[in-house]
Structures are given as structure tokens and as C-alpha cells.
Amino acid sequence: MRKKILLTGTTGFIGKLFLKKLLSKNIEVLDIVRKKNINNKDLLALKKKYPKKYNTIFYSKYSDLKKLERYKFDCFINFATLYKNKHEHREILEFVNSNILFPSILLDLIHIKTKKIINFGTMMQHSSNDDYSPKNFYASTKSAFEMILKYYEKQIKDLKIYNLKFYESFHETDNRKKLIPTLIRNYKNQKSTDILSKKLYLNIIHTDDLFRAIFILLEKNLKSRDFQLLNKRNINIYNLINKFNFNNNNKIKINFLSSKNIMKPRTKTLKSIPGWNGGQDIENKILATFIK
């Protein structure tokens, strides 16, 4: 039987990649998109290519979402998020609206007729050995929404809820304002990049591995729980850049701001998804992207 998936965040980088993946697998998708994005070229192209499998509810106010009550879904996958490492007080309402209020309204409308929920948190919610120790305000809003998910899990006996958490993700076409895409852009534009420390480590999974994890959860009937998606190896940025510069005449230009110790990403906080292995050679995939 063909699955029907509700998606949010399809105007974002990862959400759009996953939307394409679902449609290519003959899976029916309904996504929720702000009305201001009604002419998004990428989404319009997908609608033209998959007219029978892809539909959208555009909204300008939350009452526009009430029509969701008429649908049944195999899964609601929440890619929508507002991320900033630091916040100002004037941004608090925006964080709450994006990371708590919006997904909570969707959840309330669809939870009775939905089998599974896949939500994305962050390993920044676990910055120490405590179950919840948010590193920043963004991470605290993610934790707040997970508490709301717990409420709905108790209300609906057979509803399965999965929170997937990772540090960083990467794809060869990545255009986000994150460190690795910024390094690649600056290298190709012959610009220098400022990096916090020579002792900066990142834990990065490829988006293909992320999507493989999602499909495992779609296919298997696992118990509700939080899962971590982590690469087996952390990448030291200093070593990565030295490796590239040693083998190439055109060098990556870097300005390291310090040599201070930075806490390495923790790799044994939560359980991994059974059958999932995120051990792709992400370092060489990143290095190859510099010269494509």
C-alpha cells in the first residue's frame, strides 16, 4: 500500500532534498508551506513532475491549517525549524512560533489519524551528561516541543513518536550558512575563512544516511524513543584542511582565531536506530566537494 506522508520544512535545504527522495519512491506527500512561498520554483517544478503524488496546503494564518483534519497520514515528518546559535530577546517569539507553536498546532490537528511522528531535535539538547541540558535557546525550544510530544504519545496508545538528534549534516550541494559549505564557497571564491580554533571538532552525517534512518523508521514498527544519528568519527577541522592543502596547489585559506580546547561532540548519549550505520567516509566526501 502506498504511504501518505505529511511534511514540513520543504522550503529548507534538507526538507527539500527529502521531498524529492519521497516522490522518487512513489510515496504520496502533502506539505505545509507559508503562502509567501507559493511561487517557489523548486516546489513548482516538483508539482509539475509529480502532479498525482504531491500536494500542498499553503497558509498565511494558523486557521488555514484546519483542513488537515480530513486527512489520514502514515507519518508526519517535521523538518521545520528556526536555528540560531545565539538569540536576542526580540527573536524569542519567532523561536517559539517556529519550533513550538507551529508543530504543536499541526500535531493537534492530525494526531488521531496519524500512525507515526518523526521529529528532529539536536544533540545541543544534551550538552552535558544530563538528559536535557540545552546549549542555547534554540535547543531549549526543541526540548519544549518534545515535552508536548510526550503528552500526545500518552493520549494515543498506538501513536509512535521518534525524535532524531544529530550535530551536523552535509550534502555535496549544500548551500547553508554552516561551516563546511562556507569553507567550500570561500575556497572557490579565493576568500579566507575565520575559524574559532584549531581544536574544533565536528560530527557530521551525510544526508543520505539521515534519509536512510528515516526510511528505517517508516518501515519498521519500533517503539517510541529518542535516537542519535552520529558518525563514528569526529572530524578535526585543522587536520581536514591540512590534508587538503598538502595534496592541492590551490590552498584553503584559513584564519584560526585561537588554539583553545573545544569540547568534542559526544558520541554515546542516546541509542542508535537498529540497523542504521552512519559511518560513511564523510571526510573524503567533503574534500572531494572542494574541487568539483
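From a predicted model like this one, the values you see are computed outputs, not experimental measurements. What's counted below: heavy atoms across the whole structure, side chains too, no hydrogens, waters or symmetry copies.
Nearest heavy atoms, Leu23 versus Tyr50: O-CE2, 3.5 Å. Minimum heavy-atom separation, Leu30 to Leu68: CD2-CD2, 3.8 Å. Minimum heavy-atom separation, Ser192 to Asn255: OG-N, 3.9 Å. Heavy-atom minimum distance, Ser24 versus Lys21: OG-O, 2.7 Å. Taking each heavy atom of Ser127 and Pro134 in turn, the nearest pair found is OG-C, 4.1 Å. Between Ser169 and Asp174, the shortest heavy-atom contact is O-OD2, 3.8 Å.
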For this session: Please step through side chain to side chain donor-acceptor pair (under 3.5 Å) for the pair Glu172 and His206, ending with a clear verdict.
Result: CA-CA 9 Å; Glu172 287 77 2; His206 197 279; 2.9 Å; yes

For this session: Start with the C-alpha gap between Leu183 and Ile195, add the side-chain angles, then the distance that decides, and say whether side chain to side chain contact (heavy atoms under 4.5 Å, CB included) holds.
Result: CA-CA 10 Å; Leu183 270 173; Ile195 297 181; 4.2 Å; yes

Problem set entry | Pair Leu82-Glu94, side chain to side chain contact (heavy atoms under 4.5 Å, CB included): steps then yes or no | CA-CA 8 Å; Leu82 172 64; Glu94 190 177 359; 3.5 Å; yes

For this session: Verify side chain to side chain contact (heavy atoms under 4.5 Å, CB included) between Ile38 and Val33, making sure each step is shown before the conclusion.
Result: CA-CA 8 Å; Ile38 196 168; Val33 177; over 6 Å; no

For this session: Determine, step by step, whether Asp64 and Ser60 satisfy the side chain to side chain donor-acceptor pair (under 3.5 Å) criterion, reporting the C-alpha distance in whole Å, the side-chain angles of both residues, the deciding distance to 0.1 Å, and the verdict.
Result: CA-CA 7 Å; Asp64 296 336; Ser60 56; 3.3 Å; yes

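Glu91 places a side-chain N or O within 3.5 Å of a backbone atom of Glu88 that can act as its donor or acceptor partner. Not a single donor-acceptor pair under 3.5 Å links the side chain of Asn186 to the backbone N or O of Pro181. With hydrogens and angles ignored, the 3.5 Å screen pairs no side-chain donor or acceptor of Ser98 with any backbone N or O of Ala80. Looking at Lys116, its side chain does come within 3.5 Å of a backbone N or O of Leu217 through a donor-acceptor pair. In terms of modelled atom types and a separation under 3.5 Å, the side chain of Asn245 and the main chain of Lys251 share no donor-acceptor contact. A donor-acceptor contact shorter than 3.5 Å links the side chain of Thr8 to the backbone of Phe79. The backbone N or O of Ser104 lies less than 3.5 Å from no partner atom in the side chain of Asp108, so there is not a single donor-acceptor pair. Remark: the backbone N or O of Thr122 is paired with a side-chain donor or acceptor of Gln125 at under 3.5 angstrom. No donor-acceptor distance shorter than 3.5 angstrom exists from the side chain of Asp209 to the backbone of Ile205, with no hydrogens or angles considered. In this structure, Asn248 contributes its side chain and Asn250 its backbone to no donor-acceptor pair below 3.5 Å.
Linking Ile, Leu, Val, Met, Phe, Trp and Tyr whenever their side-chain heavy atoms come within less than 4.5 Å leaves Leu257 and Leu179 in two separate clusters.
For the pair Lys178 and Tyr83, the cation-pi test (distance below 6.0 Å, angle within 45°) is passed. Figure legend: cation-pi geometry between Lys84 and Tyr138 absent, as NZ or CZ is not positioned both under 6.0 Å from the six-membered ring centre and within 45° of its axis. In this structure, Lys199 forms no cation-pi arrangement with Phe256, as its terminal cationic atom is not both closer than 6.0 Å to the ring centre and no more than 45° off the ring axis. Cation-pi geometry between Lys271 and Phe227 is not met at under 6.0 angstrom from the ring centre and within 45 degrees of the axis.
Asn40 and Thr11 form no side-chain donor-acceptor contact under 3.5 Å, judged by distance and modelled atom types alone. Lys177 and Thr182 are not linked by any side-chain donor-acceptor pair at a separation below 3.5 angstrom, with hydrogens and angles left out of the test. Using modelled atom types and a 3.5 Å distance limit, the side chains of Asn234 and Asn203 yield a donor-acceptor pair. A side-chain N or O of Asp31 and one of Tyr54 form a donor-acceptor pair less than 3.5 Å apart. In this structure, a donor-acceptor pair under 3.5 Å is absent between the side chains of Asn242 and Asn239.
Atom NZ of Lys113 has more than 12 neighbouring heavy atoms from other residues, nucleotides or ligands inside a 6.0 Å radius. The environment of OH in Tyr238 is sparse: at most 12 heavy-atom neighbours from other residues, nucleotides or ligands sit within 6.0 Å. The neighbour count for Lys191 NZ, taken as heavy atoms of other residues, nucleotides or ligands under 6.0 Å away, does not exceed 12. More than 12 non-hydrogen atoms from other residues, nucleotides or ligands lie less than 6.0 angstrom from CD of Gln155. Heavy-atom neighbours of Arg185 CZ from other residues, nucleotides or ligands within 6.0 Å: above the threshold of 12.
Salt-bridge annotation for Lys53 and Glu28: absent, with no side-chain N of the basic residue lying under 4.0 Å from a carboxylate O of the acidic one. Under the 4.0 Å criterion applied to side-chain N and carboxylate O atoms, Glu153 and Arg225 are not assigned as salt-bridge partners. By the 4.0 Å N-to-carboxylate-O rule, Asp74 lies close enough to Lys115 to be salt-bridged with it.
For an aromatic pair to be called close, the ring centres must be under 6.0 Å apart, and Phe102 with Tyr59 satisfies this. The six-membered or imidazole ring of Phe145 lies away from that of Phe120, with a centre-to-centre distance of 6.0 Å or more.
Counting heavy atoms from C-beta outward, Tyr71 and Ile57 have side chains that approach closer than 4.5 Å.
The aromatic rings of His87 and Phe95 sit perpendicular, their planes meeting at an angle over 60°, well past the 30° parallel limit.
Among Asn119, Ile214, Leu270, the one residue that satisfies the side chain to side chain contact (heavy atoms under 4.5 Å, CB included) test with Leu164 is Ile214. Test Thr114, Asn221, Ile117 against Lys160 for side chain to side chain contact (heavy atoms under 4.5 Å, CB included) and you get one pass: Asn221.
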